[in-house]
Protein chains: 2
Amino acid sequence: MASRAKATILDIAREAGVSKSTVSLVLQGSGLIRPETAVKVRKAIEDVGYVYNRGAANLRKAHSNVIGMVINDLTNPFFAELAVGMERVFQAAGVVPFIANTAENPVRQEEVLKSMMEQGVAGLIVSPARGTTPGAFRRIEAAGVPVVFAMRRLPESRIPAIAPDNHRGACLATEHLIRKGHRRLAFFGGSSDLVVYQERLGGFLEACEAFAIPFANRTIVEGETSRKGGMACLETALAISEPPTAALCFNDAVAFGVMLALRKRGLEAGTDFAVVGFDDVAEAEHYSPALTSVAVDTAGLGERAAHVMLKMIQSRTTRAEDHIGAVSLVVRESSGPDRNSQVGDAA
Amino acid sequence: MASRAKATILDIAREAGVSKSTVSLVLQGSGLIRPETAVKVRKAIEDVGYVYNRGAANLRKAHSNVIGMVINDLTNPFFAELAVGMERVFQAAGVVPFIANTAENPVRQEEVLKSMMEQGVAGLIVSPARGTTPGAFRRIEAAGVPVVFAMRRLPESRIPAIAPDNHRGACLATEHLIRKGHRRLAFFGGSSDLVVYQERLGGFLEACEAFAIPFANRTIVEGETSRKGGMACLETALAISEPPTAALCFNDAVAFGVMLALRKRGLEAGTDFAVVGFDDVAEAEHYSPALTSVAVDTAGLGERAAHVMLKMIQSRTTRAEDHIGAVSLVVRESSGPDRNSQVGDAA
DNA sequence: TCCTATAACTGGAACGTTCCAATAAATCAA
DNA sequence: TTGATTTATTGGAACGTTCCAGTTATAGGA
């Protein structure tokens with residue numbers, strides 16, 4: 001059944017009594033070969049336990065059918081959802097996405113990107129790790145391999161990015177909190193070396209300006225973009241005099257951390273302190289209290305990124321338009337009115 | 001800077017004024033070449049923007065440095081944690097893991113496995129999709145590529161599996177519920193075509209036997225292994241007369257669903273109904289109430305699987321021992337005593 | 001019948017590496 | 001000086017495909 005050394009098209013050719021060229025044609029489904037011959041060849045393929053060697057084929061053919069997805073944090077369900085959206089599109093196009101995790105580590109990211117390039121990927125979809133240097137993609141661009149950024153972008157880069165409208169999302173969320181009567185607001189989590197952070201914080205600040213929230217009433221606490229980071233942010237913010245009564249969080253993970261820290265202090269999100277997240281991951285709806293969050297249509301962005309990638313490959317270009325996805329605020333229980341204010345809407 | 005056609009070692013050789021063989025030796029860090037020559041070559045590599053072509057190299061070398069991880073549900077954070085454990089080990093060994101998601105779909109799995117084989121992976125770590133046919137790995141075994149199953153195994157297969165002690169974990173959890181005074185117990189979620197299901201259910205039943213829980217007091221509801229599935233299970237179970245007062249869930253996702261459904265009915269997990277999960281994902285600790293769960297040391301199992309894989313590759317064998325990981329029950333708030341029983345331990 | 005067109009198949013030259021055997025240069029022992 | 005040994009470098013064949021330019025065989029038209 002299984003031969004010791006792996007079978008090649010030459011073995012198949014011998015077995016079927018045809019030439020290697022014929023076998024090659026059968027493998028790529030050419031209409032040039034007689035049906036009976038094709039059947040004979042396919043039988044031989046089965047018999048010798050043949051495995052197609054894509055590496056050898058790629059030596060001659062221009063490009064491969066694999067595209068790489070490089071993601072900065074696979075344990076964040078948000079990115080898993082993104083990946084799932086992309087997979088749907090790629091599968092339909094007969095392209096296989098290989099995923100690699102960089103764990104938010106630029107060095108690891110460098111290795112992973114190198115490895116994918118060596119493997120001969122047709123394109124790369126990347127959510128860059130924090131602290132990625134501007135030059136990290138120069139070599140890849142030079143090699144003419146299309147790259148698109150998903151969710152995150154780099155400060156000064158010509159690489160197309162697919163991302164939600166972070167500024168507007170943060171605006172919406174902040175306005176919502178102000179309308180609920182909150183006048184001392186916080187922005188929790190993330191760090192300023194991320195473009196996304198600047199966009200979201202920018203939206204927060206714009207809404208503060210628009211509603212004339214004085215500078216002294218805005219608390220900005222940077223922190224890890226994880227539950228742990230969120231917990232730390234809340235502690236820091238509540239320690240100041242005149243602490244905030246509501247917070248917009250950099251993402252849902254931070255928001256969950258904030259809610260957890262509130263509970264530890266005997267406070268309840270929604271009634272004692274308003275919390276709004278960002279990304280609207282699946283859990284947001286199921287938390288208790290359910291988390292108000294900015295929905296970014298994660299899977300949709302994944303699909304969009306995949307489509308852009310396919311188009312770039314097809315038109316063999318390394319350029320494409322950015323794409324800013326629409327956002328919407330999903331109001332749930334975690335963002336109740338300020339208890340000391342009479343301005344708030346009815347909850 | 002960037003040449004149109006991609007550079008090869010021949011271009012480097014020309015640039016550096018040496019032979020292609022010398023370049024090849026430099027690339028693999030051979031000690032045979034004079035340091036100054038190596039420097040000269042490395043400079044040329046930089047100048048021409050060279051990308052190593054692993055496909056071409058694999059044509060001559062025995063095997064590659066990539067191993068494939070094929071996972072049935074990336075959106076379950078449990079698998080993401082598993083992946084992270086493996087990555088730690090592989091990174092240290094200079095091996096790059098490429099991850100692919102099968103979304104619990106055997107057809108998709110077939111495609112993904114095929115693609116990875118064609119790519120020439122050195123080995124495969126697989127958490128097989130539900131309904132995988134026993135023959136699905138025959139071709140891969142025949143090709144001599146080592147495979148290890150992680151977390152799940154196939155009914156009649158010689159492929160080594162790395163998995164937690166499901167039977168014991170379920171026993172522990174069930175005993176815990178019984179000691180809390182519960183006498184009408186349920187097992188929620190999963191389906192019997194999964195070996196894991198049989199193991200966990202087996203543990204549940206053994207504990208029931210040991211404590212003489214009558215057959216009529218055991219409720220077994222199969223269902224999707226997701227939040228949604230868990231919600232459905234609870235509804236089904238509460239509809240019967242003499243419903244259960246406690247449930248062991250197939251995994252944490254199901255348990256979260258059960259807790260959500262309880263809340264919808266105005267009941268609270270822990271006080272009105274006891275819930276125990278399985279896997280102890282990171283969220284379990286942060287839920288409200290915090291979820292009692294069977295901890296399986298996910299990342300540890302991932303590391304173990306990676307080590308077994310590396311050893312198999314190194315000793316070029318396709319056989320290895322199974323590995324059953326130790327489990328422990330982490331008691332939190334969701335598994336309180338039966339309110340109608342006076343037998344329960346103090347909570 | 002011969003000529004041309006089409007259909008079905010084939011041999012050989014790439015593709016970019018590795019690795020072996022061979023060579024050239026430098027060093028050493030006598 | 002000579003030969004042996006070591007060090008550094010090199011050419012060529014091979015790996016498993018694809019694809020171009022043939023080569024047969026078959027059929028159709030005159």
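FYI, side chains are in, hydrogens and waters are out, and symmetry mates aren't considered; it's all heavy atoms of this structure. Sequence lines set the chain letters: A, B, ... in the order given, protein chains first and strands last, and positions in each chain run from 1.
In this structure, CG of B:Asn53 is placed 13 Å from C1' of D:dC15, rounded to the nearest angstrom. Summarising the geometry, the separation between CG on B:Asp11 and C1' on C:dG16 is reported as 10 Å, rounded to the nearest angstrom. If you measure from atom CZ of B:Arg54 to atom P of C:dT17, you get 11 Å, rounded to the nearest angstrom. Going from atom CZ of A:Arg14 over to atom C1' of C:dG11 covers 16 Å, rounded to whole Å. Atom CG in B:Asn58 sits about 15 Å away from atom C1' in C:dC15, given to the nearest Å. For the pair A:Leu32 CG and D:dT18 P, the computed distance is 14 Å after rounding to whole Å. The interatomic distance linking A:Leu25 (CG) with D:dT18 (P) rounds to 9 Å, in whole Å. When the P atom of D:dG12 is taken as reference, atom CG of B:Leu59 falls 20 Å away, rounded to whole Å.
Formation of a donor-acceptor pair under 3.5 Å by the A:Thr298 side chain with backbone atoms of A:Glu81 is not found in this model.
Between B:Thr22 and D:dT10, a side-chain N or O to OP1/OP2 separation shorter than 4.0 Å is present. Within the structure, a side-chain polar atom (N or O) of B:Ser19 is placed less than 4.0 Å from OP1 or OP2 of D:dT10.
Salt-bridge check for B:Arg108 with B:Glu111: passed, with a basic side-chain N closer than 4.0 Å to an acidic carboxylate O. Salt bridge absent: B:Lys114 and B:Glu110 never bring a charged side-chain N and a carboxylate O closer than 4.0 Å.
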Please list, for nucleotides 19-22 of chain D, all pairs of protein and nucleotide N/O atoms separated by less than 3.5 Å.
residue: D:dC19; atom: N4; partner: A:Ser21; partner atom: OG; Å: 3.4

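Looking at heavy atoms from C-beta onward, B:Ile33 lies out of side-chain contact with B:Val41 at the 4.5 angstrom threshold. The shortest distance between side-chain heavy atoms of B:Met151 and B:Asn72 does not fall below 4.5 Å. In this structure, the side chains of B:Arg54 and B:Asn65 come closer than 4.5 Å at one or more pairs of heavy atoms.
Annotation: side-chain hydrogen bond (donor to acceptor under 3.5 Å, both in side chains) contacts of B:Asp322 (sequence neighbours excluded): B:Arg153. Every residue was checked against the side-chain hydrogen bond (donor to acceptor under 3.5 Å, both in side chains) condition with A:Arg60, not counting sequence neighbours, and none meets it. Not counting sequence neighbours, B:Lys311 has no partner by the salt bridge (Lys or Arg N to Asp or Glu O under 4.0 Å) test.
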Worksheet item: Under the side chain to side chain contact (heavy atoms under 4.5 Å, CB included) criterion, do B:Leu154 and B:Ile159 qualify, and how do the steps go?
Response: CA-CA 8 Å; B:Leu154 251 39; B:Ile159 293 173; over 6 Å; no

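Between A:Phe98 and A:Phe90, the ring centre distance reaches or exceeds 6.0 Å.
End-to-end axis angle for the helix from C:dT1-D:dA30 to C:dA30-D:dT1, using five pairs per end and rounding to 10°, comes out at 50°.
Contacts between residues 33-42 of chain A and DNA chain C, counted as heavy-atom distances below 4.0 Å, involve A:Ile33, A:Arg34, A:Thr37.
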